[in-house]
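Encoded as structure tokens, the structure appears first; notes follow it.
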Amino acid sequence: METVRDAVDDAVGFATALRRAGLDVSLGDDAQFVRAAQAIDPTRIEELYWASRSTLVHRPEDFEVFDRVFGEYWMSLNPRPKPDDVPPMVVLLDDRADDDQSSDDDEGAEPEEILSVRYSAREVLSRKDFALCSDEELAESYRLMAQFAFQGAQRRSRRHRRVSHGRRLNLRRTIADSLRTDGELIRRHFTDVKVQPRRMVFLIDVSGSMEHYARALVRFVQAAVVGAHRVEAFTLGTRLTRVTRQLSDRDPDRAVSSASEVVQDWSGGTRLGESIGEFNDRWGVRGMARGAVIVVLSDGWDRGDPVVMAEQMQRLARVAHRVIWVNPLKATEGYAPLAAGMAAALPHVDDFVEGESLEALRALARTLSDAAVGERAPSRRSDA
Amino acid sequence: MSTIAPTSVDDVVEGLRGYDYLASEGLATVAYLALRLQRPLLLEGDPGVGKTELARVIASWRGSELIRLQCYEGLDVAQAVYEWDYGRQLLHLRAAEASGRIASEVEHDVEMELFSEEFLIRRPILRAIDQQSSPSPVLLIDEIDRADDEFEAFLLEVLSEYAVTVPELGEFRASEPPVVVITSNRTRDVHDALKRRCLYHWVDHPDVATEADIIRTRLPEISAELSKEVAEFAAQLRDAGLYKPPGIAESLDWARALVLMGEERVSVGAAEKTLGALLKYREDHQRIHAAGLSDMVAAALAGAPPL
């Protein structure tokens, strides 16, 4: 197959095609692929396939796209899918900062005045239910959310840090220092266990019933992903989608719109229990949820079997440090967790909090930051 | 085989087979490239699909030492690279003091002695790099996803230079880079920069025929029928939506258990008694019983017609 031989020279073209298809291929990858392509048997397309996949692709999620581009580029086997094969997702996200338009006649006033107007507006805004907010108010809420301070609960790390008085002698420094004093151990140095923030995992329900809140909550989570270390984010709906990577973009608008591109079940149905199960299987129980603070943002409406929900929440609770359920409906007067999914999940939840307004989310951010989040709630101790 | 580098992918397939490891074409190709290009190999995949085993087999095949570093959260330089033997340093210091050397002008010498290689404890990474023997060792960095970001960043440095600096002693550099195999169960994503240094491969569960082959290779006393049935049964379990689907390691365990108990075929009775080798969660046991163990056994027998 001499075409393959030629193709080695054309490796860069292939990498470019992958980039065009949306894969994250760096120049270093190109170079590595060229070297790999020279090491293999050029007459075997299989070897070319594996050589290119192992050098140009770094995540199993990208295999599908890679296979398609590989086919198109090297073998012209798969015809390029027509644009209308994949219907473009239209997701409406009113997250443009509408500040400019929202300003009315006050625009011409002095800066101080604007500031005060804004401040009082914030007071009102902070308690307003997201579902009732206008686009302008939402935009302002988003802006304020970006200022939340996030700091997860702490856990003890296995690393040590230097302290002036501690429990363990720092032998390395003590000995090094003793040389200055003729080998006499005069100055002692200590280390102590370092504390580190626990991982936070956000599971955001983006099903139809959460429509009014999901946008705001995604913004909230984006602020957390950017503002704290070790944060992971997933969306729940009819399926589970990991959006950590998308939300870690510092520009909130770009972050949210690229997240909405990968979430295919936005405002769709709900299979909460199963989605949480999928999270447990693929990520949570394997390690991500272990010792972590899990935040589920959902109204608890679940089309699935409540038994599944109870089972999966119990699994999650067994590995997590703490499970916090944020339900925007909780603030509604006379609310009782009657939705079957919610009722099934509650016994396995440590904190059940509101999340309908800016103020509620600010309180949540504080709860998350509260270093006192140390002990598990007693309600969970009765695990079967 | 040559101890330097294999000359073709088939070379690798054959070589690994010689040590009872049946590598898929993809895995063999990537392993071949890793050896030829002297690049670290990053293997991701479900637990129990043979990631760690590959490193072991490559080491045996090359006739080189296997140096293993098990990762965990908080893993630091003292455990991964080197540490000074403080206890002995203290003793040495006392001895020097007692002999009066320390007060005199030879103090500097004492310090030099204290931070000489004699008091250096080599941890896996330094051992892998400071190795003059040929072939170079295989460095297995197991379950990198359990370590933290700081360690990954450090690893990045080591893997680009194959050198480690101990401030008191200077630089250690590998004369011939070690073969580096990094495994991850993907409980979290490894940093992109590290991935870029490596050849990446996702290790899948094998198909039924390959798994039966693997079982037969590893367990020569097993009958061909039983090995096929075990593989069929394990494949069914993987489709049953379990919390912890069995990997190859588990199906091997199970096959071993069946052979040990003198079973010739998979049967409901035998399966019930030995299922603990395959399934490690109470919920999974319940699920299989609810789904009908006898049906699954029957399907496994049907799916594996006598050879």
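All values derive from a computational prediction rather than experimental measurement. In what follows, chains carry the letters A, B, and so on, assigned in the order in which the sequence lines appear, proteins first and then strands, with residues in each chain numbered from 1. What you see below is based on every heavy atom in this structure, not just the backbone, and it leaves out hydrogens, waters and symmetry mates.
No other option in R146(B), E44(B), K195(B), E168(B) has as many heavy-atom pairs under 4.5 Å with chain A as K195(B). When H201(B), E25(B), E283(B), K244(B) are compared by the number of non-hydrogen pairs under 4.5 Å with chain A, E25(B) comes out ahead. Counting heavy-atom pairs under 4.5 Å between each of Q32(A), R35(A), M288(A) and chain B puts Q32(A) at the top. For the set R196(B), R36(B), R197(B), the count of heavy-atom pairs under 4.5 angstrom toward chain A peaks at R196(B).
For the salt bridge (Lys or Arg N to Asp or Glu O under 4.0 Å) with E83(B), the qualifying choice from R88(B), R123(B), R122(B) is R123(B), the only one to do so.
When atom types are taken as modelled, the side chain of R271(A) and the backbone of G304(A) share no donor-acceptor pair closer than 3.5 angstrom.
Residues V9(B) and D41(A) form no side-chain contact, since every pair of their non-hydrogen atoms from C-beta on lies 4.5 Å or further apart. Residues F154(B) and D76(B) are not in side-chain contact: their nearest non-hydrogen atoms beyond the backbone lie 4.5 Å or more apart.
Contacts between D10(B) and chain A at a heavy-atom distance below 4.5 Å involve the side chain alone, from C-beta outward. In this structure, chain B has no heavy atom under 4.5 Å from any part of N280(A). Proximity to chain A (any heavy atom under 4.5 Å) is shown, for L37(B), by both the backbone and the side chain. Both the backbone and the side chain of I40(A) come within contact range of chain B, judged by heavy atoms closer than 4.5 Å. For chain B, no part of E278(A) is nearby; none of its heavy atoms comes within less than 4.5 Å. Looking at R59(A), both its backbone and its side chain come within 4.5 Å of chain B, counting heavy atoms on both sides. Proximity to chain A is limited to the side chain of D192(B), based on heavy atoms less than 4.5 angstrom apart. If you measure heavy-atom distances from L27(B) to chain A, you find no contacts under 4.5 Å at all. In this structure, chain A has a heavy atom under 4.5 Å from the side chain of W84(B), while its backbone stays farther away.
Of all heavy-atom pairs between M313(A) and A345(A), the closest is CG-CB, 3.7 Å. The two atoms that bring T183(B) and T52(B) nearest to each other are CG2-N, 4.2 Å, heavy atoms only. Here the shortest heavy-atom pairing between Y82(B) and T165(B) reads CE2-O, 4.4 Å. Across every non-hydrogen atom of V49(B) and Y21(B), the tightest pair is O-OH, 4.4 Å.
Summarising the local packing, NE2 of H289(B) is surrounded by more than 12 heavy atoms from other residues, nucleotides or ligands at distances under 6.0 Å.
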